[in-house]
Amino acid sequence: MDINHDKLLWMYKTMRSIRAFEDQLHTDFAAGKIPGFVHLYAGEEAVATGVCANLTDRDYITSTHRGHGHCIAKGVDIKEMMAEIHGKATGACKGKGGSMHIADVNKGMLGANGIVGGGPPLACGAGLTAKLKGTDQVTVCFFGDGASNQGTTMEGLNLAGVWKLPVIFVCENNGYAETTSPQYSVSGQDIAARARGFGMPSVAIDGLDVLAIHEAVREAVSRARRGDGPTFIEAQTYRYYGHFEGDTVKYRDKDEEEQYRSRDCLLRFRGVVLEHGLLTQAELDAIDADVKKTIAEAVAFADSSPLPDTKEILTDVYVSFPEKEMWPFQAAPA
Amino acid sequence: MSERIISYREAINEALRLEMARDETVILMGEDVTGAPHSDEPDHLDAWGGVFGVTKGLVQEFGRERVRDTPITESGFMGAGVGAAATGLRPVVELMFIGFMGVCLDQVVNQAAKMRYMFGGKAKIPLTVRTTIGAGFRAAAQHSDSIYSIFVHFPGLKVVAPATPADAKGLFAAAIRDDDPVIFCENKILLDTKGPVPEGEYVIPLGKADIKREGKDVTIVAISNMVNVALKAAEQMARNGDGISAEVVDLRSLSPLDEETVLASIKKTGRLVVVDEDNPRCSVATDIATLAATQAIEYLNGPVRLVTAPHTPVPFSPALEDFYVPTPARVVNAVRETMI
Ligand SMILES: Cc1ncc(C[n+]2csc(CCOP(=O)(O)OP(=O)(O)O)c2C)c(N)n1
Ligand SMILES: [Mg+2]
């Protein structure tokens, strides 16, 4: 296998971190510790991991409402993520964005997004910057099967094709958009085929196989870096939890979930690396222990962090703007 | 008419059910308004009934032809609603959150709003857009807006924002029956609130404000959930023994606007406070202040005061979001300032 030892360790650690992060949130949400809309990525770890294994900090990604996995795989600080989701001042976005808007542009993470289909045009913009500045940066646009129907997605695909942008579109087809399956919502039934209509190479792959994803994206990234334009990848995957935390999941059957859990991306990866002697049981165990510690520290960090000062409400709207106009026609409350 | 206590959510559901039974051209479409549209399994039917469960039970009664789940294509299904309205249906389109108007704005403001005028009156667009407003849900910047003001700005659109279950039922029926496009703003914070609602057919004409509390010293004009904030402030002032009797005017309908009721109240009390959760620039709040300044200035015994959200998006952190939304304490302060 053409993949080095460090990268394999990184893949396992990344997938394990995402899983542990999401499982922790699932528990803490149920306990009433976490406010708002929280969409978990558990089950889909192989996609973000296999994709981001090909990227550097200088490359960009756009993400979705289900963005925690993309953040972790792109290197956003786990403590700051946890604090953000708890609405704390120490969060990645000072508590202003929350789960649905986590971002860290310094890590090339251009934001989770509360608008389904918000990402593809933004990804084209990042691709345009790289193209015009003559850098070799690429941008990966993550979006869902549901988002594949959005007009902005079609427009983004077309624009990337017309301008030969260094953008890789990764559709995470997890079988549902809220309660709605692509069997109903995707006319023609074949998401990957749509992209071919825009003149770009497009494949559908097993989204539970991190190594297959890594391979497919590696090719796409080199094509983009060479200036040969966009690629489309449909990764077929599954989310373990509800659409958001609190969803009672009455639109799919338990055995479907069980069936996917039996093909779990982490189990599968462990099986392959152990069987081929690529990683040892001790290495995997050490990562598991390490991740457990990291998540516990992140929770402790979030718990002990302060809430934002109410003065922060008026900051970060603009780069520059008259302060007195931030709460016009009245005295700003104390 | 007999009444019973039901929730704001149930009241909207009931109005929709009655209107669909009454007029077979009324259809409903939106994302997951039933749920699991791909499945024939009885267990999966109506899995959600809308993200907030407002449309639950309708598909059983009216079937999937008239209660349609849509792909995530707001421009597509909003525009389909406009086109269907222009050609003989009376569609109700559910747009999950008002912030998503950003995705389909052209269909609303260039198509729905302008068609009749551009066509010299030869078309009508009996479209109702149901959407949700309101902060306080910890839903952050893209899911918490109360940006009804921008739709008031557009000629050709009507805008409604009920505060009580009864008003929600009556105004929703009126919105569906109206031959113009109506943006119907449901406050997600109010969905579980309960109140007396008349049974059977119940229609409240658009363009009529409602005095939710009578008073003589100050007029507090409020919208949607801010009516409850204003009422709390009014009760506090009455109890506090500082002897201020506040009148609370619930606008209910933002376009058309019941200028008469607002002006009559200002003329009676001589003081005006407006409470509005929307961002303050070019807003319904500034409109009401303008109304007072242009048509009732001689009746005012003190400065007009506005209590609004700041000129910022809605923050996520509960600590910030609770500071964002107007509170009874801020309303009481504003009332005091009109007394200077
Ligand atoms: C423009 C817009 N429409 C609707 C929604 C509500 N919504 C949030 S997630 C979602 C489903 C998205 O499905 P998909 O793209 O498949 O992503 P997944 O949730 O499966 O990861 C919907 C309809 C939204 N946030 N933005
Ligand atoms: Mg999906």
Side-chain angles (χ1 to χ4, degrees), chain A residues 35-37 84 86-89 91 93-101 113-118 144 146-152 177-187 247-253 307-310 312-317 321 325-333, chain B residues 31-32 34-39 41 43-48 51 69-76 97 99-100 102-104 137-143 274 280-281 285-286 289 304-313 315-324 326-327 329-330 333-334 337:
Chain A
F37 287 123
E84 185 62 32
H86 284 73
K88 296 300 181 73
C93 309
K94 304 182 194 165
K96 290 181 179 176
S99 165
M100 256 193 301
H101 307 292
N113 207 315
I115 299 296
V116 171
S148 78
N149 293 315
Q150 195 66 292
T152 46
E178 297 188 339
T179 76
T180 301
S181 155
Q183 288 155 33
Y184 172 82
S185 70
V186 173
S187 186
D247 180 7
T248 48
V249 203
K250 290 194 176 128
Y251 43 86
R252 68 182 200 198
D253 295 326
L307 288 165
D309 189 292
T310 52
E312 281 293 321
I313 200 166
L314 301 183
T315 63
D316 301 321
V317 181
F321 201 74
E325 287 182 42
M326 291 308 295
W327 213 320
F329 314 126
Q330 59 214 291
Chain B
E31 290 153 15
D32 307 277
T34 79
H38 51 276
S39 173
E41 286 255 351
D43 280 0
H44 293 167
L45 183 69
D46 213 21
W48 269 17
V51 70
D69 285 36
T70 65
I72 308 173
T73 53
E74 283 82 7
S75 260
F97 296 91
F100 300 176
V103 180
C104 55
F137 221 77
R138 318 317 187 194
Q142 293 170 339
H143 289 66
V274 190
R281 299 292 301 276
T286 56
V304 172
R305 283 288 175 247
L306 306 189
V307 181
T308 71
H311 184 59
T312 75
F316 164 68
S317 177
L320 298 179
E321 193 181 29
D322 291 343
F323 194 64
Y324 180 94
T327 57
R330 285 172 55 198
N333 278 343
E337 286 173 16

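Just so we're on the same page: letters track the sequence lines, and every chain starts at 1. Computation of the quantities below employed the complete heavy-atom set of this structure, encompassing side-chain atoms and omitting hydrogens, waters and symmetry-equivalent molecules.
Scanning both residues, Tyr251(A) and Ala47(B), for their nearest heavy atoms gives CB-CB, 3.8 Å. When every heavy atom of Gly114(A) is checked against every heavy atom of Gln142(B), the shortest pair comes out as N-OE1, 2.7 Å.
To the nearest 0.5 Å, the span separating NE2 on His44(B) from OG1 on Thr179(A) amounts to 10.5 Å. The distance from the OG atom of Ser185(A) to the CG atom of Asp32(B) is 9.5 Å, given to the nearest 0.5 Å. The distance from atom CD of Gln330(A) to atom OG1 of Thr308(B), rounded to the nearest 0.5 Å, is 3.5 Å. Here Gln150(A) contributes atom CD and Ser75(B) contributes atom OG; the two are 7.0 Å apart, rounded to the nearest 0.5 Å. If you take CG on Asp316(A) and OG1 on Thr312(B), they are separated by 10.5 Å, rounding to the nearest 0.5 Å. Atom CD1 of Ile72(B) sits about 11.0 Å away from atom CD1 of Ile115(A), to the nearest 0.5 Å.
Chosen from Gly118(A), Pro328(A), Gly151(A), Ala332(A), the residue pairing most often with chain B at heavy-atom distances under 4.5 Å is Pro328(A). Comparing Pro315(B), Gly102(B), Pro310(B) by how many heavy-atom pairs each has under 4.5 Å with chain A, the most go to Pro310(B). In terms of non-hydrogen atom pairs under 4.5 Å with chain A, the most contact-rich of Ala36(B), Gly35(B), Pro37(B), Pro280(B) is Pro37(B). Among Glu337(B), His143(B), Glu41(B), the residue with the largest count of heavy-atom pairs under 4.5 Å with chain A is His143(B). Contacts with chain A were tallied for Thr73(B), Val304(B), Thr327(B), Val103(B); Thr73(B) has the most, counting heavy-atom pairs under 4.5 Å. Contact count against chain A (heavy-atom pairs under 4.5 Å) is highest for Phe316(B) among Phe100(B), Tyr324(B), Phe316(B), Phe97(B).
Pro313(B) places a side-chain heavy atom less than 4.5 Å from the side chain of Val317(A).
For Pro318(B), the part sitting under 4.5 Å from any heavy atom of chain A is the side chain, from C-beta outward, and nothing else. In this structure, chain A has no heavy atom under 4.5 Å from any part of Ser39(B). Heavy atoms closer than 4.5 Å to chain B are found in the backbone of Asp309(A), but not in its side chain. Of the atoms belonging to Thr286(B), it is side-chain heavy atoms, and not backbone ones, that fall under 4.5 Å from chain A. In this structure, chain B has a heavy atom under 4.5 Å from the side chain of Met100(A), while its backbone stays farther away. With a threshold of 4.5 angstrom between heavy atoms, Glu74(B) approaches chain A through its backbone and through its side chain. Residue Asp43(B) touches chain A through its backbone alone, counting heavy-atom pairs closer than 4.5 Å. For Ala309(B), the part lying near chain A is the backbone, with the side chain staying farther off; criterion is any non-hydrogen pair under 4.5 Å.
Applying side chain to side chain contact (heavy atoms under 4.5 Å, CB included) to Ser317(B) and the options Pro35(A), Cys93(A), Pro308(A) leaves one that passes, Pro308(A).
The main-chain N or O of Lys250(A) is never found under 3.5 Å from a side-chain atom of Trp48(B) such that the two would form a donor-acceptor pair. The backbone N or O of His38(B) lies less than 3.5 Å from no partner atom in the side chain of Gln183(A), so there is not a single donor-acceptor pair.
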task: Start with the C-alpha gap between Thr180(A) and Glu31(B), add the side-chain angles, then the distance that decides, and say whether side chain to side chain donor-acceptor pair (under 3.5 Å) holds.
output: CA-CA 8 Å; Thr180(A) 301; Glu31(B) 290 153 15; over 6 Å; no

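Ring orientation note: the planes of Phe37(A) and Phe137(B) are tilted relative to one another, at an angle of 30° to 60°.
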